[in-house]
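A short worksheet on the structure shown next.
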Amino acid sequence: MRRAERAGTGSESAAADARVNLLGMPRTELERFFVDLGEKPWRAKQVMKWIYHAGVSEFDAMTDISRTLRGRLTEIACIEAPELTPFPTAADGTRKWSVAVGDGSEQVEAVLIPEAGRATLCISSQVGCILDCAFCATGKQGFNGNLSRAEIVGQAWAAARQLASEGSGRGITNIVFMGMGEPLYNFDAVVDAASVFADDLGFGISRRRVTISTAGVVPRIRELASRSEVSLAVSLHAAEDELRSELVPLNRKYPIAELLAACRHWLGQLGDRRSVTIEYTLMEGVNDALADAVKLAGLLGDLRCKVNLIPFNPFPGSGFKRPSMQGVRAFQTHLLNAGIPAMLRTTRGDDITAACGQLVGLVRDRTRRKARHRARRTGMATDEQLLRVTSP
Ligand code: SAH
């Protein structure tokens with residue numbers, strides 16, 4: 001089965017596999033689904049309210065729908081999210097879940113970061129990651145394919161259900177695609193999921209508070225605004241191509257100038273009130289010198305952006321170090337003095353390895369990563385091949 005069409009956790013029977021999973025289906029598609037059944041399109045509204053507002057997964061519980069239609073839906077459709085298993089909560093309140101996906105033998109991770117006045121859920125879009133950024137633990141795990149939109153939306157849906165069952169008054173206020181994987185290499189599923197997050201009948205989260213983070217897949221950034229109006233974050237990490245190519249190998253394909261041009265295109269399509277977030281992970285002795293801050297300020301001077309500075313989060317064998325707080329502050333101060341809004345992202349949940357770049361999950365099969373390496377060594381890693389590898 002194509003991974004993008006997977007319905008749930010794999011625990012369902014073969015018969016259930018043939019059912020359409022309504023979780024993560026955008027409103028327009030759900031309306032078409034009902035019209036195709038000979039029903040009115042507003043059935044979609046009813047069902048979405050049950051799924052996302054009431055947290056219901058059984059059609060039988062949808063009491064404003066006729067018994068006949070409920071029976072029909074039970075036969076042909078399902079609402080199935082992946083199973084979430086909690087890790088112990090971090091000292092700072094950060095929570096992490098292991099998410100069983102595919103046939104249940106693979107795992108990704110989702111992280112909830114509570115802060116004053118908001119709670120951000122960081123979700124995964126792929127099993128592992130193909131990009132292999134030098135400083136990220138996920139890439140070291142290898143890559144095993146895309147999550148379905150049900151598996152992406154299901155992370156938020158199941159986490160929200162869990163919070164509600166605990167009587168936690170505050171729900172999820174922000175969603176970031178900053179967990180495992182490169183969201184723009186799972187474009188269709190991510191765009192669908194984002195539409196459900198931002199839909200009033202779905203999670204009802206403002207599109208500004210749903211953020212897709214990318215290492216810089218330029219053609220997809222150019223396409224994004226025509227498919228979704230959610231926010232964009234770009235993982236830059238270096239102001240010069242030579243260093244960026246070492247840290248983020250994708251830079252060899254899409255160098256900084258092309259990446260920033262794509263960001264400008266995105267900004268141009270969405271209008272004056274939006275800005276792009278630039279992520280910059282600070283690694284001691286690598287990209288944290290004042291000279292780097294000067295170059296970065298020069299590069300970003302005329303881009304409508306804000307910079308998120310992320311002190312490197314260590315993991316075993318990474319070979320990188322987190323800079324001193326003093327160094328981080330000096331870097332930030334330089335950007336601020338140059339008129340660039342620069343926020344320091346405080347490290348959250350690192351005692352349960354829930355911080356940026358520490359997510360590893362369980363990747364069953366590393367062969368695709370090897371294939372990609374082979375392609376790259378022989379100079380054949382064209383975008384088409386990368387996409388083929390990432391969309392099995
Ligand atoms: N592939 C996407 C989303 C996943 S990574 C992307 O590259 O944006 C989410 C963010 O965490 C990225 O900015 C990434 O560069 C950063 N990150 C990865 N490893 C990290 C580490 N060890 N310490 C701090 N930030 C890290």
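Sequence positions, counted from 1, serve as the residue numbers for this chain. Each ligand, and each atom within it, is numbered from 1 in the order the structure gives.
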At a non-hydrogen distance cut-off of under 4.0 Å, which region of F320 contacts ligand 1 (side chain, backbone, both, or neither)? neither

Mind checking whether V248 contacts ligand 1 via backbone (N, CA, C, O), side chain (CB onward), both or neither, at a 4.0 Å heavy-atom cut-off? neither

So is S125 close enough to ligand 1, meaning a heavy atom under 4.0 angstrom away? no

Any donor-acceptor pair under 3.5 Å linking the side-chain atoms of Q326 with those of R329? no

Establish, from distance only, whether the side-chain atoms of N146 and Q126 form a donor-acceptor pair under 3.5 Å. yes

Counting heavy atoms under 4.0 Å, the part of M180 that contacts ligand 1 is neither

Taking 4.0 Å as the limit for heavy-atom contacts, which would you say applies to M178 with ligand 1: side chain only, backbone only, both, or neither? both

Quick check with a 6.0 Å cut-off and a 45 degree axis cone: is R70 positioned over the face of F59's six-membered ring? no

Please confirm whether G179 approaches ligand 1 to less than 4.0 Å, judged on its heavy atoms. yes

Whether E284 and R322 form a salt bridge (side-chain N of Lys/Arg under 4.0 Å from carboxylate O of Asp/Glu) is what I want to check. no

Does the ring center of Y280 lie less than 6.0 Å from the ring center of F331? yes

Can you name the atoms of ligand 1, numbered from 1 with element, that are less than 4.0 Å from a heavy atom of S213? 2 (C), 3 (C), 6 (C), 8 (O)

Tell me which one of R322, H237, M283, Q126 gets a heavy atom nearest to atom 15 (O) of ligand 1. H237

Ligand 1 N/O within reach of I310 N/O, cut-off under 3.5 Å: no

Within 4.0 Å of some non-hydrogen atom of F135, the atoms of ligand 1 are 15 (O), 17 (N), 18 (C), 19 (N), 20 (C), 21 (C), 22 (N)

Quick check on contacts: which atoms of ligand 1 are under 4.0 angstrom from a heavy atom of G181? 1 (N), 2 (C), 3 (C), 4 (C)

Is the shortest distance from a Lys or Arg side-chain nitrogen in R67 or D60 to a carboxylate oxygen in the other one below 4.0 Å? no

Stepwise salt bridge (Lys or Arg N to Asp or Glu O under 4.0 Å) check, R149 with D188: CA-CA 8 Å; R149 63 189 181 189; D188 290 338; over 6 Å; no

In ligand 1, which numbered atoms sit nearer than 4.0 Å to a non-hydrogen atom of E182? 1 (N), 2 (C)

